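Source: prediction; values computed, not measured. The figures here come from the full heavy-atom set of this structure, side chains too, leaving out hydrogens, waters and symmetry mates.
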Amino acid sequence: MRVLERRFVQDFIRMANDGYEQGWHERNGGNLSYRLTDHEVDSVKDRLLDHGEWHPIGASVPGLAGEYFLVTGTGKYFRNIIMDPEACIALIELDDAGENYRIRWGLVDGGLPTSELPTHLLNHEVKKRVTNGKHRIIYHAHTTNVIALSFVLPLNDEIFTRELWEMATECPVVFPEGVGVIPWMVPGGKEIGIETSKMMEKYNAVIWAHHGMFCSGETFDLTFGLMHTIEKSAEILVKVMSMAPRKLQTITPDNFRDLAVGFNISLPERFLYEKKD
Ligand code: 13P
Ligand code: ZN
């Protein structure tokens with residue numbers, strides 16, 4: 001079976017296209033990476049190139065030594081992935097120090113993995129450790145409404161989480177641990193990757209102010225679903241804030257406490273603060 005026909009490659013392509021259709025990937029905006037299972041690596045190994053040169057990752061990820069990732073290419077448009085996946089995405093292998101990578105498949109017209117590779121891999125390294133290897137996907141999207149909110153809400157985890165939770169009853173069930181927010185930073189490097197991966201120790205979603213969002217998850221469905229839920233909630237909040245200076249009614253801290261009991265989840269009290277009018 002060709003690499004392209006493998007289920008994980010097909011699922012990757014579908015998710016990228018779903019994100020494009022949501023309007024989150026103008027031009028080359030956003031990037032996606034998937035950490036292969038050992039079984040998936042074995043299933044494609046005899047179809048891979050063996051002569052690619054090693055390139056520095058730009059960050060050190062010893063916890064991912066020897067792992068393989070499917071990643072989007074830098075400058076490639078999500079819009080084109082479904083039409084020409086072999087030109088837009090790549091399968092990369094990390095060396096046994098977790099310092100360098102080489103391309104083993106894809107990017108047939110040339111190119112390199114996403115410029116956000118340091119952030120993706122630093123996040124993967126944290127998530128592999130804290131989820132016992134369960135999380136395999138890191139997804140970055142330019143989610144319009146989340147970006148809009150980063151201009152009007154304080155850049156604070158508690159406030160963003162609480163405001164997003166209030167907009168849809170399912171939110172605290174989907175992301176009970178909350179969302180992290182980091183202030184504007186220069187993208188595409190190790191520094192923003194380190195700050196994001198620190199947040200990934202406790203959150204599955206991290207907002208980059210005035211830029212977009214990163215989500216982590218176990219499956220393509222869960223990761224896309226998390227991005228979709230947060231962005232939908234942000235859209236409702238943008239509408240509410242555009243309609244009236246204040247809400248007439250909302251989901252209260254005690255409502256959230258009741259929800260936590262009903263759904264058997266724990267909602268940290270730091271998000272359930274009393275608001276001053
Ligand atoms: P790449 O094209 O390098 O993936 O960059 C897109 C992006 O969203 C940068 O944050
Ligand atoms: Zn971006």
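- Between F224 and W24, a ring centre-to-centre spacing shorter than 6.0 Å is recorded.
- Of the inter-residue distances, the one linking K134 atom NZ with L222 atom CG reads 11.5 Å to the nearest 0.5 angstrom.
- Here the shortest heavy-atom pairing between F214 and N123 reads CD2-ND2, 3.7 Å.
- Around atom CG of D42, more than 12 heavy atoms belonging to other residues, nucleotides or ligands sit under 6.0 Å away.
- If you chain together hydrophobic residues whose side chains sit under 4.5 Å apart, I159 and I251 never meet in one group.
- The CD atom of E201 sits 8.0 Å away from atom NZ of K127, with the distance rounded to the nearest 0.5 Å.
- Taking the six-membered ring where tryptophan is involved, the planes of W165 and F256 are tilted, since the angle between them lies from 30° to 60°.
- Atom CZ of F263 has 12 or fewer neighbouring heavy atoms from other residues, nucleotides or ligands inside a 6.0 Å radius.
- If you look at H142 and H211, their ring centroids are closer than 6.0 Å.
- The two residues C215 and T223 come nearest to each other via the heavy atoms O-CG2, 3.8 Å.
- Its side chain within the 4.5 Å cluster rule, L107 clusters with I57, V61, L64, F69, V71, I92, L94, Y101, I103, L112, L117, L121, L122, I194 among the Ile, Leu, Val, Met, Phe, Trp and Tyr residues.
- Across R162 and P253, no two heavy atoms sit closer than the pair NH2-CG, 3.3 Å.
- In this structure, T229 and G225 approach most closely via the heavy-atom pair OG1-O, 2.6 Å.
- Only one option out of N145, L226, L164 pairs with E231 in a side chain to side chain contact (heavy atoms under 4.5 Å, CB included); it is N145.
- Here the CD1-CD distance, from I138 to E116, works out to 12.5 Å after rounding to the nearest 0.5 Å.
- No side-chain donor-acceptor contact under 3.5 Å links R104 to the backbone of Y68.
- Between H210 and F151, the ring center distance clears the sub-6.0 Å criterion.
- Using bins of under 30°, 30° to 60° and over 60° for the plane-to-plane angle, the ring pair H124/H120 lands in the tilted bin.
- The environment of CG in N264 is sparse: at most 12 heavy-atom neighbours from other residues, nucleotides or ligands sit within 6.0 Å.
- Contact between S233 and M167 at its shortest, heavy atoms only, is OG-CB, 3.3 Å.
- If you chain together hydrophobic residues whose side chains sit under 4.5 Å apart, W184 and W208 never meet in one group.
- Remark: the backbone N or O of M213 is paired with a side-chain donor or acceptor of H140 at under 3.5 angstrom.
- R270 CZ: more than 12 foreign heavy atoms inside a 6.0 Å radius.
- Atom CD1 in I192 sits 11.0 Å away from atom OG in S197 (nearest 0.5 Å).
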Salt bridge (Lys or Arg N to Asp or Glu O under 4.0 Å), that's the test. Do E170 and K232 meet it? Break it down for me. CA-CA 11 Å; E170 66 170 323; K232 169 87 183 269; over 6 Å; no
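- Atom CG of L149 sits about 5.5 Å away from atom CZ of F160, to the nearest 0.5 Å.
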side-chain contact (heavy atoms from CB on, under 4.5 Å) evaluation trace for I236 with E166 = CA-CA 10 Å; I236 300 169; E166 280 187 40; over 6 Å; no
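- Annotation: R79, atom CZ; neighbour count of heavy atoms from other residues, nucleotides and ligands within 6.0 Å does not exceed 12.
- A centroid separation of 6.0 Å or more is found between the aromatic rings of Y77 and Y20.
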